[in-house]
Structure formats: structure tokens, C-alpha cells
*Asks:* 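My questions all concern the structure below.
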Amino acid sequence: MRRSRYTVIVEDGDGTHLIYNTLSAAFLKVPGSAVQFLLDDPDWSCPSGDLSPFQRYLHGLGVLVDSELDEGEASRGLLRDHHARQDRMELFLLPHENCNFRCTYCYEAFARNKMEPWVVEAAKQFVLKRSGGLRSLQTSWFGGEPLLGYDVISELSAFFVEVCRQAGVDYQSGITTNGYLLDEDKARHLVRECGVRQFQITLDGPCEQHDRRRHLLGGGGTYERIYRNLLSLKGVEGSFNVLIRVNFDHEVGGAMDDFLSRLRDDFTDDPRFLVHFFPIANLGGDTSDEINDLPLCDANATRVLEYQLLEKAVDLGFRTLTRDQLGPLSSTCYASDPRNLIIGADGTLYKCTVAFDDPRNHVGVIRPDGSLQIDEARFGLWTEHAGASDPHCRSCTLNPTCQGMACPLHRMNTESRACVPMRADLPRTIRLLARELSQEAERCQSR
């Protein structure tokens, strides 16, 4: 018996230690004395018959493993098994590729408008033909601004929901929207009739900063209307989550205290609301010059500021994506998944939502009868498990989390791996998770 190569032990500052295993997702907090045997000897091993009761418990959690276990193969097997499953499918659909905003950092070209009627029918036929062999279907509505194609979302959702009901397929949906058109009636319809269980809506900090970056086509602020729509979501009954995404740079990061306090006052009483922070970056497109005029963060500053923002949010009572990003396969890119496709408004098939104009991302087309014409060479660029042959990825403690597949586009562009940001300070991430879970437990006890 030995310590798992995927076990991380972090001092928590109060005489206790946090243990997290990235392969099993086991997480516990123990007195430092309980794991002293691992801290004193990183190469600790012990015959199975000599384990203490607590050590046997750690073995059951995957913190300790059999000495002959090939953990690297076990990790890689998770991804192989997941990608080999034929009974699940994930679809991104672009009901409208134009947008009512012109954000200063947007990379999209807005070359197309609403999904063409024949593509709507083709998408129906595609799902109908595949439904017999599925156990789960996940759809994600993206754009442009998807709510400009609200009628397309309604029509396709009604069809998908009914087909899945008849075939016994679990159906769930999510939408990434700027929130400007998301009034309470639309939100209620999306939840009740369209199966939407996740909303992602962006607020770039306080009103003044947000409106400078996320303004309407033709000019005009958007913050107050988005905020009202977020508040109205609290009145919608149902099981769903709302992720408030905050894009930040140095300027926005410095003005967050009052903004986060307002979010706390308005949303922490509803556990369906989460927050997430994302650094503004230059992803190309016609606004590249405008983006470079923004006070962008370098990699080190980004990590420091992101952790500061996350810690503030957790202390204010928010849930974050920290626990979701630490689990096995949780940081692999959707584009790397062979069961994931993006159907564009004109029938073009893509793998990545940040490279629509990149020819490598044009992996095929959907035909009017719902069949697919796939360019296998281009498709394989995204789904090839490059991390399996990367010695750095194979030896990394976070291999079960991202598998070296955090961003296939980055690997294609640079011929180097894209490490997940938390790798730079994994102990701080684990402490943040402990902090969030502890405060969540305290809130549950007080109710």
C-alpha cells in the first residue's frame, strides 16, 4: 500500500490538513497528526495487513492505493471510457449568430443571423435518428445572442423534449446569454417548457465599467436591464442554476467590493445563483485593437486577482465553480469530446465556440435529412488525446482533472499544453474549496 500520486495534502493553518485526491474526488479535513506518516515520508508504503483503521479508510477513498496499481492508466481510462460512450450526446446550437451587443472584447464576426429553417429541421432529424441509442442529451444555446432566435429555441426545445420523453432519454439544457432580453416570462418558459437548467449571464463589474465594455449595438448601456432580469429570475420556480460571470481586468478588479456587496444583498439568499470570474483576453476578431487598449492582466496578475475575487465572493456567501473544476474530467474542454458538436445557423459544424472563423474548426456540415458530413482529419485535431503522450501531463497531479485536454485550440496554435490556471496554486484552490464547503455547512445549520 502507498500514497496515491493524485493525493494532495495541504496545511490549513489551524493544525489541520486538507486531503484531496484528483482521481477519486475524495476530500476531507483531518488533524495533522493523522497524516503525519505521509508528511514525514513521501515514499511511505505499508503491507495491507498492517494498516490502521484510519489508513484502511483512506484506502477506501483512494487516498492510499495498492502498490501495484497503475494510476496513470486508471486516469487515462476515465477519459477513454467517457469518450467511448455511445449513449450520450452534447449539442451546442446557434439559434442566432448576430448580437444586440457590441462588447469591446468580443471575438465574433456576426456574419450570420437566425438559424435557417432547413437547419432547424435538420437538427430535429439528427436528434430523432440518434435518440433511440441515447440515455442522455445535453443541449447548450449559444450565439451571437441566442435569445434573438428565441422562436428557434422554443421550437427545437419542444421537439427535443418530446422526442426524449418518448425515448426515455434524460434531457437537460443550458443557455449562455447576455441577459438583456431575458425577461421573467421568457425565463419561466425556458425553464418549464424548454428544459433549461443552467443560465450563464455576464456582468462586468459595476455599472459604469460594465456599460463601457458591454454596450448595445449602436451604443447605450445594458447593466440596469440585465440586473433587473437577474432579479426577476429569483421569481421563477424550478430547479436551475444561474452563473453570474464577471469578466475582469485590472480596472474592474479594483472596483469589486461594492459590486460584490450588492450581489450578496440581492442573490445569496437564493442558492441557485453562483459567481465566476474570468480574465478578459484578446481572442482575435475585429475588436482586437480595442481589447489591447484595455488594462489586461498578465498570467501571474490574473491568478492573484482571480483568487482574491473568489475568496471575497466565498466570504460573502456565494457558491463558485471551484468544486466543479477540481473533479475528474471536469477541466477537459468540451471541444475534445467526440460526443460534442456545435450546429451553426447555416448548418456548419464546429467544435469550438471561440474560433468560428478558423478553418480547422469547420469540421463538417449537417445535411437536410439530419445526417452529418464530417471532415475526419479536422475533427480529429480536436479530439485526439494529445495529453496521453505528453510526459508532463502524464506525471501531473491534476491529470485526472484535465487529461492534458484543457484547450485543444491552444495546443494546436502553440504545440504546447494549456495547463488549467489552478495548477499554479493548487493548495490555495483546495483551501478555497474547504472555505466554501465550511460556510455552506454553517448556512445549512442556521436554517
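We use all heavy atoms of the structure for the numbers below, so side chains are in, but hydrogens, waters and symmetry mates are not. By convention here, the first residue in the shown sequence is residue 1.
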*Asks:* Would you say Asp337 and Arg88 make side-chain contact, with heavy atoms under 4.5 Å?
*Replies:* yes

*Asks:* Can a donor-acceptor pair be found between the side chains of Asn247 and Tyr105 at a distance below 3.5 Å?
*Replies:* yes

*Asks:* Both conditions, 6.0 Å and 45 degrees, for the charged tip of Arg272 above the ring of Phe240: are they met here?
*Replies:* yes

*Asks:* Kindly give the heavy-atom pair with the smallest separation between Thr332 and Cys402, and that separation in Å.
*Replies:* CG2-O, 3.2 Å

*Asks:* Is the closest side-chain heavy-atom distance between Leu263 and Leu316 below 4.5 Å?
*Replies:* no

*Asks:* For the side chain of Arg197 and the backbone of Gly174, is there at least one donor-acceptor N/O pair under 3.5 Å apart?
*Replies:* no

*Asks:* Is the backbone of Cys393 close enough, under 3.5 Å, to the side chain of Asn399 for a donor and an acceptor to pair up by distance?
*Replies:* yes

*Asks:* Would a 4.5 Å heavy-atom cut-off, applied to side chains only, mark Thr268 and Phe318 as touching?
*Replies:* yes

*Asks:* Evaluate the side-chain proximity of Glu108 to Cys99: yes if any heavy-atom separation is below 4.5 Å, no if none is.
*Replies:* no

*Asks:* For residues 221-248, which residue pairs qualify under salt bridge (Lys or Arg N to Asp or Glu O under 4.0 Å), counting only residues two or more places apart or in two chains?
*Replies:* Lys234-Asp269

*Asks:* How about Tyr227 and Asp266: does a side-chain donor come under 3.5 Å of a side-chain acceptor?
*Replies:* yes

*Asks:* Here's a test for you: under side-chain hydrogen bond (donor to acceptor under 3.5 Å, both in side chains), which of His210, Arg214, His215 qualifies with Thr222?
*Replies:* His210

*Asks:* Is the cationic atom of Arg112 (NZ for Lys, CZ for Arg) positioned less than 6.0 Å from the six-membered ring centroid of Phe356 and within 45 degrees of its normal?
*Replies:* no

*Asks:* Could Arg102 and Phe110 be counted as a cation-pi pair, given that NZ or CZ must be under 6.0 Å from the ring centre and within 45° of the axis?
*Replies:* yes

*Asks:* What are the two closest non-hydrogen atoms of Ser154 and Cys194, and how far apart are they?
*Replies:* CA-SG, 4.3 Å

*Asks:* Please check: side-chain N/O of Trp382 versus main-chain N/O of Tyr350, any donor-acceptor pairing under 3.5 Å?
*Replies:* no

*Asks:* So which atom in Asp357 and which in Ala109 form the shortest heavy-atom distance, rounded to 0.1 Å?
*Replies:* OD2-CB, 3.7 Å

*Asks:* Side-chain donor-acceptor pair under 3.5 Å between Asn340 and Gln138, yes or no?
*Replies:* no

*Asks:* Within the 3.5 Å criterion, strictly below it, is a donor on Gln125 or Glu121 matched to an acceptor on the partner's side chain?
*Replies:* no

*Asks:* Determine whether His96 and Glu145 make a side-chain contact, defined as any pair of heavy atoms from C-beta on separated by less than 4.5 Å.
*Replies:* no

*Asks:* Between Glu90 (side chain only) and Tyr334 (backbone N and O only), is there a donor and an acceptor less than 3.5 Å apart?
*Replies:* no

*Asks:* Output yes when Arg411 and Glu384 qualify as a salt bridge under the 4.0 Å nitrogen-oxygen rule, no when they do not.
*Replies:* no

*Asks:* Look only at the side chain of Arg76 and the backbone of Ala388, and say whether a donor-acceptor pair between them is shorter than 3.5 Å.
*Replies:* no

*Asks:* Kindly check if the number of other-residue, nucleotide or ligand heavy atoms within 6.0 Å of CD (Glu415) is above 12?
*Replies:* no

*Asks:* Less than 4.5 Å apart, side chain to side chain, heavy atoms only: is that true for Lys114 and Asp151?
*Replies:* yes

*Asks:* Does the side chain of Leu243 reach to within under 4.5 Å of the side chain of Gln198, using non-hydrogen atoms?
*Replies:* no

*Asks:* Flag yes if more than 12 heavy atoms outside Lys186 fall under 6.0 Å of its NZ atom; otherwise flag no.
*Replies:* yes

*Asks:* Between Ser24 and Tyr6, is any side-chain donor less than 3.5 angstrom from a side-chain acceptor?
*Replies:* no

*Asks:* Any donor-acceptor pair under 3.5 Å linking the side chain of Thr401 with the backbone of Leu326?
*Replies:* yes

*Asks:* Do Leu147 and Tyr150 have side-chain heavy atoms sitting under 4.5 Å apart?
*Replies:* yes

*Asks:* In plain terms, say whether Asp265 and Arg262 are close enough for a salt bridge, that is, a side-chain N and a carboxylate O under 4.0 Å apart.
*Replies:* no

*Asks:* Within the side chain of His385, is there an N or O that forms a donor-acceptor pair under 3.5 Å with the backbone of Gln403?
*Replies:* yes

